[in-house]
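Worksheet: one structure, shown below.
No hydrogens, no waters, no symmetry mates; every other heavy atom, side chains included, goes into these values. Numbers for residues simply follow the sequence, beginning at 1.
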Amino acid sequence: MTYFLIYLLLMNIITFIEMGHDKGQAKKGGRRVPEKRLFLLAALGGGIGGWLGMRMWRHKTKHTSFVVGFPLLIALNCICVIFIAVYM
């Protein structure tokens, strides 16, 4: 269970950093992080980090897919955590 919690923490940190990096690239006009990657990271356990990054940097807040999708992925992440905690 400890490794699983470390995994979740790392996924959230990585997703948070990627959101910040994408915002920085958007401001500079540089190479952006693909939206598919942001959603994949959130789906793989980084939903809270993605949502916090979205709020902190005010990034992707006008994209309905992110405003609705990230909270849904957080709910999915929570369901998976509960399932794993109960059945492991």
Search all heavy atoms of [X] against all heavy atoms of [Y] and return the closest pair with its distance.
{"X": "Ala42", "Y": "Leu73", "answer": "CB-CD1, 3.6 Å"}
{"X": "His59", "Y": "Met54", "answer": "O-CG, 2.8 Å"}
{"X": "Leu38", "Y": "Phe70", "answer": "O-CZ, 4.1 Å"}
{"X": "Trp57", "Y": "Lys23", "answer": "O-CE, 3.5 Å"}
{"X": "Arg37", "Y": "Val33", "answer": "CD-CG1, 4.0 Å"}

Exercise. Side chain to side chain contact (heavy atoms under 4.5 Å, CB included) between Arg55 and Thr61: does it pass, once the steps are laid out?
Worked result: CA-CA 7 Å; Arg55 296 291 167 213; Thr61 56; 3.9 Å; yes
Say whether [X] and [Y] are linked into one hydrophobic cluster, either directly or through other cluster members, by side-chain heavy-atom distances under 4.5 angstrom.
{"X": "Met19", "Y": "Ile74", "result": "yes"}
{"X": "Met11", "Y": "Leu40", "result": "yes"}
{"X": "Ile13", "Y": "Phe16", "result": "no"}
{"X": "Ile84", "Y": "Leu44", "result": "yes"}

Problem set entry | Verdict with reasoning, Phe66 to Trp51, per side chain to side chain contact (heavy atoms under 4.5 Å, CB included) | CA-CA 8 Å; Phe66 281 87; Trp51 183 80; over 6 Å; no
Problem set entry | Passing option when Asn12 is tested against Ile17, Ile48, Leu52 for side-chain contact (heavy atoms from CB on, under 4.5 Å) |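 Of the listed options, the one satisfying the test is Ile48.
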Problem set entry | Partners passing side-chain hydrogen bond (donor to acceptor under 3.5 Å, both in side chains) against Lys28 (at least two apart in sequence or in another chain) |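 Here the qualifying residues are Gln25.
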Problem set entry | Heavy-atom donor-acceptor pair, Asp22 side chain to Glu18 backbone, under 3.5 Å |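 A pair under 3.5 Å: no.
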For this session: Evaluate the ring planes of Phe4 and Tyr7, with Trp represented by its six-membered ring, and classify them as parallel (under 30°), tilted (30 to 60°) or perpendicular (over 60°).
Result: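 Ring orientation of Phe4 relative to Tyr7: parallel.
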